[in-house]
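Worksheet for the structure shown next.
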Amino acid sequence: MNNSSTQAQSTQAVPFMKFTELVAWSCAFGVVDVFILVGNVLTLIVFITNKKLLRVRANYFLINLALADILVGTSAIPIVIMNTSVTTDSEEGEGMLSSSSYEVILWCAVIVNDVYLCVDIFAGLSSMLLLVVTALERVYSIFFPFSHRCTSRQFYWLSACSAWIIAGCVACLKLLFSRRVIPPSYDNYIIVTVVSLAILTMSASYVAIWTRLQCRRKNSSVIVQEKPVAMAMLIVTIAFLGMWLPISFINLIGSFDSRSVLVIPLNAIYFAKLLQYCNSVVNPIIYSLKLPQFRKALDRLRHKSSVITEHRTQNDRPLI
C-alpha cells in the first residue's frame with residue numbers, strides 16, 4: 001500500500017529529475033493506463049454479456065477485481081501523471097508566485113495527495129482482499145465440493161462487499177493518520193498487519209490447494225473440473241505479489257524511517273510504482289490464457305464485433 005511519508009519524500013525529490021525523464025515517466029504511466037482501461041472494460045463486457053460465465057459464482061470475484069483495476073485506471077494513475085507533470089522546485093515556485101498564490105497551490109497539492117493516497121490504498125487493498133476471498137473460495141470448492149454447490153449467490157456478493165468495506169475503512173484510517181487525527185504510530189502496524197495476514201492467507205490457501213490437486217481422490221472428477229480456475233487464480237495471485245513486492249518494500253522502509261527513502265533513486269521508485277500498476281494489465285491476459293470459457297466468450301465477442309463492422313461497411317458503400 002502507498003505510504004504518506006514515501007509519497008511526500010518522492011514528491012520533494014521529483015525536481016532533481018530531468019524534464020525528459022518526467023515526460024518519459026508520464027508517457028509510461030499513460031500507456032499503462034490505456035491498457036488497464038481497455039483490458040478491464042473488455043473483461044467486464046465479456047463476463048456480463050455471457051450467461052455461462054455468470055453462472056460460475058467464483059467469477060463474481062473476478063468482476064469485482066476488474067472494477068478495482070478500473071478504479072486504478074480512472075483515478076490513481078491520472079493523479080500520478082498530474083503530480084509528475086506539474087511538480088516544480090518549491091523554492092523556484094515560491095520565488096515566481098506571491099505568497100498567497102503559493103500557499104493555495106501547496107494547499108491544493110496536499111488535498112490531491114490525500115485523495116491519491118485514499119484512492120490508491122482503497123483500490124490496491126480491495127484487489128488484495130478480493131484475491132484473499134477468491135483463494136478461500138477455491139479452498140472451499142476443492143475440499144468441500146458438495147457443500148460448495150449449495151452456497152448461495154448472495155454469499156458471494158456479501159464476501160466481495162466485505163473486501164470493499166475493509167479496504168475503504170483502512171483507506172479512511174490512512175487519511176486520519178496523515179491528518180494527525182489519529183496518532184500516526186498506529187499507521188504502520190495496521191497496514192503491515194492487514195497486508196501480512198492477506199499474504200499468509202493466500203499462501204496457505206494455495207499450498208493447500210496444490211497439495212490437494214496432487215493427491216488422487218475418489219472425487220477426482222470434481223477436482224479436475226475446479227483445477228483450471230484454481231490454477232488461473234494462483235497465477236493471478238503470484239503475479240500480484242511479484243509486481244507489488246518492490247513498492248511494498250519501499251513503503252515499508254518509508255513507514256518506519258521516511259528519511260531512508262531519500263537514498264532510493266527516484267527512477268527506482270517510479271519503476272516500482274509502474275510495476276504495481278502493470279499488475280492491473282496482466283489479469284485479463286491471464287484470464288484469456290488460462291480460463292477456456294473466458295477465451296471462448298472473448299472469441300465470440302470479437303467475431304460478433306467484426307461481423308457488425310463488416311455489415312456497417314457494406315451498408316456505407318455507395319450504390320452504383
Side-chain angles (χ1 to χ4, degrees), residues 40-72 74-75 118-119 121-173 194-195 197-206 208-209 212-213 219 221-237 240 280 283-284 286-287 290-298 301:
N40 287 282
V41 168
L42 186 61
T43 297
L44 280 182
I45 294 174
V46 170
F47 277 120
I48 294 175
T49 58
N50 190 278
K51 294 182 179 180
K52 289 184 179 180
L53 290 175
L54 286 177
R55 292 194 192 105
V56 181
R57 291 164 295 179
N59 289 340
Y60 297 163
F61 299 137
L62 303 187
I63 293 174
N64 281 271
L65 193 59
L67 289 173
D69 290 334
I70 290 174
L71 181 62
V72 171
T74 55
S75 301
C118 289
V119 172
I121 291 175
F122 177 63
L125 193 58
S126 61
S127 297
M128 179 176 287
L129 294 177
L130 284 167
L131 289 175
V132 171
V133 173
T134 304
L136 294 175
E137 190 272 341
R138 289 295 88 200
V139 171
Y140 185 48
S141 67
I142 289 179
F143 280 84
F144 307 99
F146 299 108
S147 301
H148 174 261
R149 292 178 181 177
C150 300
T151 307
S152 64
R153 298 178 184 273
Q154 288 76 10
F155 177 79
Y156 281 81
W157 285 115
L158 288 175
S159 300
C161 288
S162 65
W164 288 101
I165 292 172
I166 294 174
C169 291
V170 175
C172 291
L173 285 175
V194 172
V195 173
L197 288 176
I199 293 175
L200 288 174
T201 302
M202 287 188 286
S203 301
S205 298
Y206 284 110
I209 291 173
R212 181 75 169 185
L213 292 177
N219 295 328
S221 60
V222 177
I223 295 177
V224 169
Q225 184 179 0
E226 297 289 345
K227 185 176 180 178
V229 178
M231 294 304 297
M233 295 314 302
L234 173 61
I235 297 174
V236 168
T237 303
F240 180 89
S280 299
N283 289 342
I286 296 173
Y287 301 155
K290 303 301 294 185
L291 295 178
Q293 289 186 350
F294 181 88
R295 185 167 57 250
K296 292 178 182 178
L298 183 61
L301 183 65

Quick one, Y287 with L65, criterion side-chain contact (heavy atoms from CB on, under 4.5 Å). Give me CA distance, side-chain angles, the key distance, then yes/no.
CA-CA 12 Å; Y287 301 155; L65 193 59; 3.4 Å; yes
So which atom in C150 and which in R57 form the shortest heavy-atom distance, rounded to 0.1 Å?
C-NH1, 4.3 Å
Residues pairing under side-chain hydrogen bond (donor to acceptor under 3.5 Å, both in side chains) where one sits in residues 154-165, two or more places apart or in two chains, turn out to be N64-W164, E137-Y156, H148-Y156
Passes side-chain contact (heavy atoms from CB on, under 4.5 Å), L62 versus F294? Steps please.
CA-CA 11 Å; L62 303 187; F294 181 88; over 6 Å; no
Return a table of donor-acceptor pairs under 3.5 angstrom between the side chains of residues 46-55 and protein atoms on other chains or two or more places apart.
| residue | atom | partner | partner atom | Å |
| --- | --- | --- | --- | --- |
| T49 | OG1 | I45 | O | 2.5 |
| N50 | OD1 | K52 | N | 3.1 |
| N50 | OD1 | L53 | N | 3.0 |

Considering all heavy atoms, the nearest F240-G124 contact
CZ-O, 4.1 Å
Does the S141 side chain pair with the main chain of R138, one donor and one acceptor, at a distance under 3.5 Å?
yes
Does F143 have more than 12 heavy atoms from other residues, nucleotides or ligands lying within 6.0 Å of its CZ?
yes
Do you know which two heavy atoms are closest between S205 and A135, and how far apart they sit?
CB-CB, 3.8 Å
Not counting sequence neighbours, which residues clear side-chain contact (heavy atoms from CB on, under 4.5 Å) with I70? List them please.
L37, N40, V41, L44, T74
Using the rule side-chain contact (heavy atoms from CB on, under 4.5 Å), only one of I199, T201, L200 pairs with S203; which is it?
I199
Do R295 and P292 come close enough that some side-chain heavy atom pair is under 4.5 Å?
yes
Note: A160 and F61 closest approach over all heavy atoms is N-CE2, 4.0 Å
Residues passing the side-chain hydrogen bond (donor to acceptor under 3.5 Å, both in side chains) test with N283, sequence neighbours excluded, are D69
Point-to-point distance, once rounded to the nearest 0.5 Å, from CG of L130 to CD1 of I63
11.5 Å
Looking at F155, I'd like to know if its CZ atom is crowded, meaning that more than 12 non-hydrogen atoms belonging to other residues, nucleotides or ligands lie closer than 6.0 Å.
no
In chain order, what residues pass the side-chain contact (heavy atoms from CB on, under 4.5 Å) check against I165, with sequence neighbours excluded?
C169
What residues, two or more places apart in sequence or in another chain, satisfy side-chain hydrogen bond (donor to acceptor under 3.5 Å, both in side chains) together with R153?
Y60
